[in-house]
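To start, the structure itself, in structure tokens.
What you are looking at is a predicted structure, and each value in this text was computed from that prediction instead of being measured.
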Amino acid sequence: MTSEEKLYAIRFGGIMTIAGVVVILDRLSKAWIRHHFQLGESRPITSWFYLTFVANTGSAFGLFQGNNKALLMFALVILGALIYGARGLTERGGFWGALGVALVLGGAVGNVMDRVHYGQVIDFLDFRVWPVFNLADSAITIGTISIMIGLLWPNSDPVEE
């Protein structure tokens, strides 16, 4: 195995580990909310942060409500495109690209699992100035930013290869 192949194997293992952790944390947090809250219930944690159990049949910001099947198909196409392009994103984007792919992959799988199991996505993080969201949404957002950093500033890797 060449050093390039070893690096790719290590990156692939790291990506899958991070994505797996994101899926597990997302699933556990949503299960906890479903078990301890009634749909629509909201509890303050601080004056600016609440836990609010919301079932979202739409997409981000509550758009396209009631289109779960179409959004599920769209999410699966995006997942396929991400998996197809993952190697290129990690090679060009370095550390940040690989981290971003892992986070987006884990977040997308978490939300797809909701759509398949419940016909909707469970949201619960409520800052009152933004629509309610979940850990998977956060991972997708942070992952997208990480990919952009890696692609726009390819020499910004915090670790040397």
Side-chain angles (χ1 to χ4, degrees), residues 1-37 45 49 51-56 58-61 63 68 71-127 130-161:
M1 183 181 277
T2 67
S3 62
E4 187 175 306
E5 290 171 329
K6 286 179 185 176
L7 177 61
Y8 182 72
I10 290 168
R11 274 202 179 148
F12 179 77
I15 288 169
M16 296 311 289
T17 299
I18 292 169
V21 168
V22 168
V23 171
I24 290 167
L25 292 174
D26 181 63
R27 302 304 299 159
L28 289 173
S29 65
K30 290 172 179 175
W32 188 87
I33 287 293
R34 288 178 57 86
H35 186 263
H36 291 92
F37 282 68
I45 304 302
F49 176 65
L51 292 179
T52 303
F53 180 7
V54 176
N56 184 359
S59 66
F61 305 107
L63 299 173
N68 187 58
L71 291 169
L72 177 60
M73 291 298 123
F74 180 70
L76 291 172
V77 167
I78 295 298
L79 263 174
L82 178 66
I83 291 168
Y84 178 77
R87 185 169 189 162
L89 289 171
T90 60
E91 286 174 355
R92 285 187 305 250
F95 168 83
W96 293 109
L99 177 63
V101 166
L103 292 172
V104 172
L105 182 62
V109 168
N111 280 343
V112 163
M113 290 175 75
D114 273 9
R115 289 194 186 282
V116 169
H117 290 255
Y118 307 122
Q120 57 201 5
V121 174
I122 305 304
D123 290 330
F124 58 90
L125 300 172
D126 185 359
F127 287 90
W130 196 259
V132 182
F133 60 99
N134 60 46
L135 293 179
D137 298 334
S138 300
I140 292 167
T141 301
I142 295 167
T144 301
I145 292 168
S146 293
I147 290 169
M148 290 189 309
I149 289 170
L151 295 177
L152 293 173
W153 296 283
N155 298 324
S156 65
D157 279 4
V159 292
E160 295 197 272
E161 299 175 13

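- Note that the CG atom of Leu82 and the CD1 atom of Ile78 stand 9.0 Å from one another [nearest 0.5 Å].
- When all heavy atoms of Ile140 and Gly107 are compared, the pair lying nearest together is CD1-C, 3.7 Å.
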List the atom pairs, with distances to 0.1 Å, where a side-chain N or O of residues 20-31 and a protein N or O form a donor-acceptor pair under 3.5 Å, not counting sequence neighbours.
residue : atom : partner : partner atom : Å
Asp26   : OD1  : Lys30   : NZ           : 3.2
Asp26   : OD1  : Ala136  : N            : 3.2
Asp26   : OD2  : Lys30   : NZ           : 2.9
Arg27   : NH1  : Asp114  : OD1          : 2.5
Ser29   : OG   : Leu25   : O            : 3.1
Ser29   : OG   : Asp26   : O            : 2.9
Lys30   : NZ   : Asn111  : OD1          : 3.0
Lys30   : NZ   : Asp114  : OD2          : 2.8

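- Closest non-hydrogen pair, Ile18 versus Leu99, comes out as CD1-CD1, 4.0 Å.
- Contacts of Asp137 classified as salt bridge (charged side-chain N to carboxylate O under 4.0 Å, His left out), with partners at least two apart in sequence or in another chain: none.
- Rounding to the nearest 0.5 angstrom, the gap separating the CD1 atom in Ile33 from the OG1 atom in Thr52 is 8.5 Å.
- Minimum interatomic distance between Val101 and Ala86 (heavy atoms only, all atoms of both residues): CG1-CB, 3.9 Å.
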Q. Run the side chain to side chain contact (heavy atoms under 4.5 Å, CB included) check on Ile122 and Asn134 step by step: do they pass?
A. CA-CA 7 Å; Ile122 305 304; Asn134 60 46; 5.7 Å; no
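- Around the CZ atom of Phe127, the shell of radius 6.0 Å holds more than 12 heavy atoms that belong to other residues, nucleotides or ligands.
- Side-chain contact between Phe49 and Leu125 is present, with heavy atoms from C-beta onward closer than 4.5 Å.
- Listed by first then second residue, pairs satisfying salt bridge (Lys or Arg N to Asp or Glu O under 4.0 Å) with a partner in residues 117-126 read Asp126-Arg128, not counting sequence neighbours.
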Q: Dump the intermediate steps for side chain to side chain contact (heavy atoms under 4.5 Å, CB included) on Trp32 and Leu51, then the final yes or no.
A: CA-CA 11 Å; Trp32 188 87; Leu51 292 179; 4.1 Å; yes
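- For the pair Phe133 and Ser138, the tightest heavy-atom approach, listed with the atom from each and the gap, is CE1-OG, 3.2 Å.
- Nearest heavy atom pair, residue Gly97 against residue Ile147, reads O-CG1, 3.9 Å.
- Of all heavy-atom pairs spanning Arg115 and Asn56, the tightest one is NH1-O, 4.2 Å.
- A donor-acceptor pair under 3.5 Å is formed between the side chain of Arg11 and the backbone N or O of Thr90.
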